[in-house]
Amino acid sequence: MGRYDFEKIEKKWQKYWADHNTFDVHENQSKNKYYCLDMFPYPSSAGLHVGHPEGYTATDIVARYRRMRYNENVLHPIGFDAFGLPAENYAIKINRNPKEITQENIDNFTKQLKSLGFSYDWSRIVNTSDPSYYKWTQWMFRELYQKGLAYKKKAPVNWCESCKTVLAREQVVDGKCERCKNEVIQKELSQWFFKITDYADELLANLDKLDWPEPIKEIQRNWIGRSEGVLIKFKISPSATSLASGKLLADNSKLPNESQFLNSNDQVYLEIFTTRPDTLFGATFMVIAPEHKLINKMGEAINNKQEIDEYIREASKKNELERTDLNKEKTGVELNGLEAINPVNNKKIPIFIADYVMMNYGTGAIMAVPAHDKRDFEFAKKYKLPIIEVVRQITEQTNNNQNIIPKQIPNYEFQIPSSTYSCFSDEGISINSGEFNGLITQEFKEKIIRWLEGEKIGQKAVNYKLRDWLVSRQRYWGAPIPIIYCEKCGEILVPEKDLPIKLPNDVDFRPTGESPLTRSKKFHAVKCPRCGATHGVRREPDTMDTFVCSSWYFLRYVDPHNYKKPFSRKKVKYWLPVDLYVGGAEHAVLHLMYARFFIKVLRDAGYLDFDEPFAKLRNQGMILAEDGRKMSKSLGNVINPDDIIALYGADTFRLYEMFMGPLEDAKPWSTKSIIGIRRFLEKIWKLQTKCNKQLTKNKDSSLERLLHKTIKKITEDIEAMKFNTAISQMMILANKMEKQERVSIIDYQLLITILSPFAPHIAEEIWSKLGNKNSIAQENWPVYNQNLIEEREIELAIQINGKVRDKITVQTDIAEDGAIQKALESVKIKNWLTGKDPKKVIYIKGKLISFVV
RNA sequence: GCCCGGGUGGUGGAAUUGGUAGACACGCAGGACUUAAAAUCCUGUGACUUCGGUCAUGCGGGUUCGAUUCCCGCCCCGGGCACCA
């Protein structure tokens, strides 16, 4: 038999799989497909982290299992998300080219991944930094541009001082750069955006039909942040000074924010968005954001322009983090000379400018209802503004749970001293609202919306927190944006035939704040595709966010060598959508949102006919260091998978990571515990000595029962991705087999077969030693026999008042009477009953008998 | 502040349409083998105990014959969102 020489065995079988192309797949219409996908790694210089193989092993088990159980055509690919900052920063540090470094890292990752025995189709590898790939990333940009979904706009954007580039909103975490953790500041810059907001509704609605972890769906829901409300126009009128309306109407230029401020028939309106139109009677003032255009428009009518300008200046100095700091005291200034008119009661109310109202949400203006909004309440308290209660909590309820109206509804204007009132922002029943008194919030909303629409001063509206995706970056190591600027023709999309636009090599790619590509002579030596001019023509020097590359890579896997198209329609139709996708939860609003957006765009452009890329998603939990903290270089607690594999072997490593705990949980690493897995594999190995080739059936029927029970449990556990309990069940079986004098070859082979997706190398080796010529990966998954699982005898617990006092062994098919009779015969039970008859007897078949005394 | 997860032996974890808490593994203790050690194997291992039992699934209540599981009120940890009108 020899010793369990994992090093030799693992090398041997890795070579065998490679030589035989065991896991290469091709479209085969007669077979069902299964697309089993890992989030492709970023090939960092640090090499593979122990967290990578956790998810990769999980998908590999599923891939191997599905080939065996369902004979499916399993697409299980891998590739590299190779553009991005770390390689570039490292390249700058050691003064080399990121391309070379990336290639070295990819080579190293490939070696490491191969050493783990994953059943990837290595012929389909993709590398996003290769021109043959990013040609199609640029093609994707073209598609978006042509559909009006890619646009350049000057806007306040997030800027990382350390990385010297702009970032997407999703890449700013707690006001800091997601990559380098440095402070992010706001800058007004002209940048490229993808119009993901066009798909906000579908991105939200489709979540319900996805088999994804609930927390991820919830994060996306919150991020999209849909809220239904009403746009309401408030008349603006001059208070002390007269309003020169002629002047106001003179300027009709269409600035993006212009719509918030409407004028018609000489009347100036301020439009606000609210989700609570039922509190309209409680609106005692208005607030506009410092950036609101009303200030410029109404400049003439405002008496304290200087004071206002000073406030705007102060507000503009603050970054977004300071602006949105909740602990900060609210500040604001009243616009003297202007008043708004509350449309429901024609009351004149003051208008304030305050930086707690944001220009980038809704209309940048609000009606303030201090009695029912915490922020407005704080502001009203500080500036001694009236607080009118218009919603009361419903306290009384009838028996059938229907709301009833409080007996007394005050119907007078009721100003509350702020010191005795605490803000109530829930729904309830309305008071102080004229004819609407007594309505509950929902009824009120419906009624008032009808009224507002009838008066043509309001309309239903939906708002989102989701913003368009900022995709341009002022960095070198990314896909160039396929745009040319011609002095004569303006902004021109690069034609498909001119793709890829390759990254030039003659560049000092150190970040300066200006795109490094600006400095390449070669890069800008280009003709205008429209007029043919060579002078006054330059390329867009920005590159694309790496998340653009990763938004479609799973489509490229189905057709990785196609040089005419990003993918063939037919192949995509066969393989997509992805059936199982496994990766970290950190991409909840990044990659997972962007990829969904891309699929919808491509679908609408007619390239695809499905709506969602990833039917089923699972997140692997983080593997923590032994001390329970995150593994990090600075803490010196990082475990290198290479070391573990060298010491224990890849099979042990795979099995250990699956045995640690549930896939989705965060789990601390324990090098000490690995030995248990190694012992288990040694045990399996040594069972060869007990294996009897003549013995085709086991004498021990309890072993047979356990074997079939184990097949059943492993099958169910893999389906549910509960790998930790699957392994413990195999351990139970191996422990029992070890205690046998002899084990039949049939039983032993069954154990090896169900072990093979988890520990493929040792399984192949034993399988071949038992005389099999094929790869175990091509074997059929065993079927358990339900009849063989049934136990003849079972143990029943006997409880007195819910406490277990004895256990009895009975025939499985024992009748209730017989079981109770037998229980009453127990000496222990007799003692507990002390001669009395039980008041009640509860019998749970196959489980227990409970006596109540 | 709001929204999700979660809290079980010395450790990782198992068991929830309410039904024997602690599977499996690590560690630890004792034993066998060995001149010795490693490896391996065997036995024990939640706590307390007057050896009858008692107490134990973050804390305090409740429902139930019976609660880790359901309900109410807290505490702690992790994650997400955060002036979103």
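When reading the values below, keep in mind they use all heavy atoms of this one structure, side chains included, and skip hydrogens, waters and symmetry mates. Chain letters run A, B, ... following the sequence lines, proteins first, then strands; residues in each count from 1.
- The CD1-C1' distance, from A:I675 to B:rC24, rounds to 16 Å in whole Å.
- Rounding to whole angstrom units, CD of residue A:E378 and C1' of B:rG1 are separated by 11 Å.
- Pairing each heavy atom of A:R169 with each of A:K465, the nearest pair is NH2-O, 3.5 Å.
- A gap of 14 Å separates the C1' atoms of B:rG52 and B:rC48, to the nearest Å.
- A heavy-atom distance below 4.5 Å is not found between the side chains of A:P757 and A:F723.
- None of A:I798, A:I808, A:L796 except one satisfies the side chain to side chain contact (heavy atoms under 4.5 Å, CB included) rule with A:K822; the exception is A:I808.
- Rounded to whole Å, atom C1' of B:rG78 lies 15 Å from atom CG of A:N619.
- With both ends at atom C1', the span from B:rU57 to B:rG9 equals 10 Å, rounded to whole Å.
- Spacing between B:rG27 and B:rA15 at atom C1', rounded to whole Å, works out to 23 Å.
- The gap from the C1' atom of B:rU8 to that of B:rU16 amounts to 13 Å, rounded to the nearest Å.
- Checked against B:rU54, B:rA85, B:rC4, the side chain of A:T275 finds its nearest nucleotide in B:rA85.
- The CD atom of A:E218 sits 14 Å away from the P atom of B:rA82 (whole-angstrom rounding).
- Pair assignment for B:rC48: B:rG53, on the basis of Watson-Crick or G-U wobble contacts that are both within less than 3.5 Å.
- Side chain A:K330 to base B:rC83: a donor-acceptor pair is found below 3.5 Å.
- Between the C1' atoms of B:rC41 and B:rC75, the separation comes to 47 Å (whole Å).
- One interatomic measurement links the two molecules: NZ of A:K465 to C1' of B:rA82, which rounds to 7 Å at whole-angstrom precision.
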Contact letters for nucleotides 6-22 of chain B, in which S counts primed atoms plus P, OP1 and OP2 and B counts the base, heavy atoms under 4.0 Å = ------BSSS---BB--
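- Relative to the side chain of A:M731, the nucleotides B:rC26, B:rA85, B:rA25 differ in distance, and B:rA25 lies closest.
- When distances run from any side-chain atom of A:K686 to the nucleotides B:rC83, B:rG53, B:rU40, the shortest one goes to B:rU40.
- Scanning all heavy atoms of the two residues, the minimum distance from A:I727 to A:L655 falls at CD1-O, 3.5 Å.
- Straight-line distance between the C1' atoms of B:rA29 and B:rC77: roughly 33 Å, to the nearest whole Å.
- In this model, the phosphate group of B:rU40 is not approached by any side-chain N or O of A:R3 to a distance below 4.0 Å at OP1 or OP2.
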Summarise how protein sits on nucleotides 42-49 of chain B as a single string, 5' to 3': B when a protein heavy atom is under 4.0 Å from the base, S for sugar-phosphate-only contact, - for no contact.
-> S-------
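- Separating the C1' atom of B:rG44 from that of B:rU63 is a span of 40 Å, rounded to the nearest Å.
- At a threshold of 4.0 angstrom between heavy atoms, the contacts of A:V589 with the nucleic acid are absent.
- Atom NE2 of A:H587 and atom C1' of B:rG79 are 16 Å apart (whole Å).
- The partner of B:rC26, taking Watson-Crick or G-U wobble pairs whose two distances both stay under 3.5 Å, is B:rG10.
- Nucleic acid contact for A:I366: base, since at least one base atom lies under 4.0 Å from a heavy atom of the residue.
- Here A:M367 lies out of heavy-atom contact (under 4.0 Å) with every strand.
- Counting to the nearest Å, the P atom of B:rC24 and the CD1 atom of A:I732 are 5 Å from each other.
- Between A:R678 and B:rA25 there is no side-chain polar atom (N or O) within less than 4.0 angstrom of OP1 or OP2.
- Atoms CD and CD, from A:E716 and A:Q729 in turn, are 10.5 Å apart once rounded to the nearest 0.5 Å.
- Taking atom P on both nucleotides, B:rC71 is separated from B:rG5 by 12 Å, rounded to a whole Å.
- Taking the side chain of A:N735 as heavy atoms from C-beta on, and the options B:rA82, B:rC24, B:rG53, the nearest nucleotide is B:rC24.
- Between A:R805 and B:rC65 there is no side-chain N or O to OP1 or OP2 distance below 4.0 Å.
- Nucleotide B:rG1 forms a Watson-Crick or G-U wobble pair with B:rC81, both donor-acceptor distances falling under 3.5 Å.
- Taking the ring axis of A:F379 as reference, the NZ or CZ atom of A:K330 does not stay both within 45° of it and closer than 6.0 Å to the ring centre.
- Checked against a 6.0 Å centroid threshold, the rings of A:F680 and A:F659 do not count as neighbours.
- Rounded to a whole Å, the NZ atom of A:K217 is 19 Å from the P atom of B:rC81.
- Residues A:V357 and A:G364 share a closest heavy-atom pair of CG1-O, 3.5 Å.
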Report, one line per pair, each donor and acceptor closer than 3.5 Å where one atom sits in a side chain of residues 825-832 of chain A; sequence neighbours left out.
residue, atom, partner, partner atom, Å
A:S826, OG, A:D806, OD2, 2.7
A:S826, OG, A:K828, N, 3.3
A:S826, OG, A:I829, N, 3.1

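- Contact between A:I794 and A:G846 at its shortest, heavy atoms only, is CD1-CA, 3.6 Å.
- The shortest distance between side-chain heavy atoms of A:K713 and A:T725 falls below 4.5 Å.
- If you look at A:Y269 and A:F234, their ring centroids are not closer than 6.0 Å.
- No contact: A:N222 has no heavy atom under 4.0 Å from any strand.
- At the phosphate of B:rA25, neither OP1 nor OP2 sits under 4.0 Å from any side-chain N or O atom of A:R679.
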